[in-house]
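Atom set for the values below is all heavy atoms of this structure, side chains included, hydrogens, waters and symmetry mates excluded. Both counts, for ligands and for their atoms, begin at 1 and track the order of listing.
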Amino acid sequence: MTAKREPTFRESVDLMFNRAVALMELPPGLEEKIRVCNATYTVRFGVRLRGQIHTFTGYRSVHSEHMEPVKGGIRYAMGVNQDEVEALAALMTYKCALVEAPFGGSKGGLRIDPREWEEHELEMITRRFAYELIKRDLIHPAQNVPAPDMGTGEREMAWIADQYKRMATTDINYRACVTGKPIHGGGIQGRTEATGRGVQYALREFFRHPEDVAAAGMSGKLDGKRVVVQGLGNVGYHAAKFLSEEDGCKITAIIERDGALIDESGLDVEAVRNWIARHGGVDGFPDGTYIADGSKALENACEILIPAAMEGVINLENADRIKAPLIIEAANGPVTAGADDILRQKGTVIIPDMYANAGGVTVSYFEWVKNLSHIRFGRIGRRQEEARHQLIVDELERLDAHLGENWQMSPHFKQQYLRGAGELELVRSGLDDTMRSAYQAMREVWHNRQDVTDLRTAAYLVSIAKVAASYRAMGL
Ligand code: GLU
């Protein structure tokens, strides 16, 4: 057997894109216009640290400007390169279109191992990188709005926002130049948990459709399902936490950098997370079994596999050994195009990245709107909503007194009904609605078109159609 070459990440995304556009009738040339990455800026800059100048390489890639600003995270990792950043930028275009976040796609990256640097050094490096991007309008509230990604979080976003503010001193909308900021620095409640929360909402929606559950060879509800999670970073941690604490799932394996923990009776996600924070890895955790070759646990028997770390972890080499009937791509690009072919033939259902992890950018959109409107969601309406509810409760209480023993309000009704929604509840409600609608748009294509046999192709069809429509509206 001749070994098939694994395509690069960007080739993988292009292959999946091509599979989908082959089923569409786009005007000549538009297909290529959409597929290609518009521009990628590479910057090499020096920062004086520890007595010498260190040179860093960073990228910001803009895939599609059919809507502006363009949007996408900034990743800090040693593996960052142009191919990867362009693949991720393309996924952002499709992701935003699918969940109707009004942005084009972009992505950034800095080749750095953040664990090698002290906080004050990371701040200098981040500010310098931000400076290079800001002066070219590659960070700008109206043009290009970064967010966290692998290796970055609230802290880096706060530095970027502050750097922008220093350079654009008269821009009243400076806070909207980046999302994923800390709550006291212009952020929004629920952004940190958003991607993991989105994974939970996506699975809940999937399990609302018995037909779809059956397509994955399963039955029943989310409750009691065995889940294997790869990567207990921000996304994997929140997804695993919510699924185990709120939906009755059992987390039977957690795969981390230094190995995997396996426990068929279900791992305590919070305890594992605390252990990693203290010991730097999962080795030595008192419960479950530890194995050093963590990637083996991807092949464990379970109902739901959640790759929430790197791209390309399910590939030509291990795809045929994956036992999970359902994979939800919490990471970007965890399944290569070749592995996707193998899994599709096996009947594995894959909930694709551009949908599965879109919770992050969805709440980023809410944060950006909040920053531009300069007001917290719920600030104006909340008490008025409560007052109107009070009217009904008063009326019911009057009825209660009148009817006596025959009728009573249920105990928690009053308390719950009287409370107006705060920002966090509104954010979660908006996220839930977004995840449900986008899933329904995908599944309609999946079930109604004979030539579409998987959710990924369906997702591409929905999103490419939207991107094409906005190009057409521009007269292209
Ligand atoms: N980095 C995240 C992603 O890949 C979030 C992007 C954003 O919020 O702009 O979707």
Undergrad: Is A358 close enough to touch ligand 1? Criterion: a residue heavy atom under 4.0 Å from a ligand atom.
TA: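 No, A358 has no heavy atoms under 4.0 Å from ligand 1.
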Undergrad: Are Y174 and H140 close enough that their ring centers fall under 6.0 Å?
TA: no
Undergrad: Without hydrogens or angle criteria, can the side chains of Y59 and R111 be said to hold a donor-acceptor pair below 3.5 Å?
TA: yes
Undergrad: Which of the numbered atoms in ligand 1 are under 4.0 angstrom from any heavy atom belonging to G72?
TA: 9 (O)
Undergrad: With heavy-atom distances below 4.0 Å as the criterion, list the atoms of ligand 1 near G360.
TA: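 Atoms satisfying the 4.0 Å criterion: 8 (O).
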Undergrad: Considering heavy atoms of the protein only, find what lies nearest to atom 5 (C) of ligand 1 and give residue, atom and distance to 0.1 Å.
TA: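 It is R191 NH2, 3.6 Å.
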Undergrad: Evaluate the side-chain proximity of E84 to R10: yes if any heavy-atom separation is below 4.5 Å, no if none is.
TA: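 No, side chains not in contact.
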Undergrad: Would K95 and D353 pass as an ion pair if we require N to O under 4.0 Å?
TA: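 Salt bridge flag = no for D353 with K95.
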Undergrad: Run the salt bridge (Lys or Arg N to Asp or Glu O under 4.0 Å) check on K370 and E423 step by step: do they pass?
TA: CA-CA 10 Å; K370 173 187 181 181; E423 185 174 74; 3.0 Å; yes
Undergrad: Cut-off 3.5 Å, side chains only: do R136 and Y41 have a donor facing an acceptor?
TA: yes
Undergrad: Examine ligand 1 and decide if any of its atoms is less than 4.0 Å from a heavy atom belonging to R75.
TA: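 No heavy atom of R75 comes that close to ligand 1.
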Undergrad: Is atom OH of Y471 surrounded by more than 12 heavy atoms (other residues, nucleotides or ligands) closer than 6.0 Å?
TA: yes
Undergrad: When you look for heavy atoms under 4.0 Å from ligand 1, do you find them on the side chain of P146, its backbone, both, or neither?
TA: neither
Undergrad: What atoms in ligand 1 come closer than 4.0 Å to a heavy atom of N332?
TA: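 So the answer, numbered in order with elements, is 4 (O).
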Undergrad: Are any of the side-chain nitrogens in D454 or R456 under 4.0 Å away from the carboxylate oxygens of its partner?
TA: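 Looking at D454 and R456, the cut-off is not met.
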Undergrad: List the steps and the verdict of salt bridge (Lys or Arg N to Asp or Glu O under 4.0 Å) for D149 and K107.
TA: CA-CA 9 Å; D149 199 77; K107 200 79 174 202; 3.0 Å; yes
Undergrad: Give me the nearest non-hydrogen protein atom to atom 10 (O) of ligand 1 as residue plus atom name, then the distance to 0.1 Å.
TA: K95 NZ, 2.7 Å
Undergrad: Check each atom of ligand 1 against the heavy atoms of G73 and keep those under 4.0 Å away; list them by number with element.
TA: 1 (N), 6 (C)
Undergrad: I need the nearest protein heavy-atom contact for atom 9 (O) of ligand 1: residue, atom name and distance, please.
TA: K71 NZ, 2.9 Å
Undergrad: Under 4.0 Å from a heavy atom of P148: which atoms of ligand 1 are those, numbered in the order shown and with their elements?
TA: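 This gives 1 (N), 2 (C), 5 (C) as the contact atoms.
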Undergrad: With a 4.0 Å cut-off on heavy atoms, does K107 reach ligand 1?
TA: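 Under 4.0 Å: yes for K107.
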Undergrad: So which protein heavy atom does atom 8 (O) of ligand 1 come closest to, and at what separation?
TA: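 Scanning the protein heavy atoms, the shortest distance from atom 8 (O) of ligand 1 goes to S364 OG, 2.6 Å.
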Undergrad: Considering heavy atoms of the protein only, find what lies nearest to atom 7 (C) of ligand 1 and give residue, atom and distance to 0.1 Å.
TA: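 The closest heavy atom on the protein side is A147 CB, 3.2 Å.
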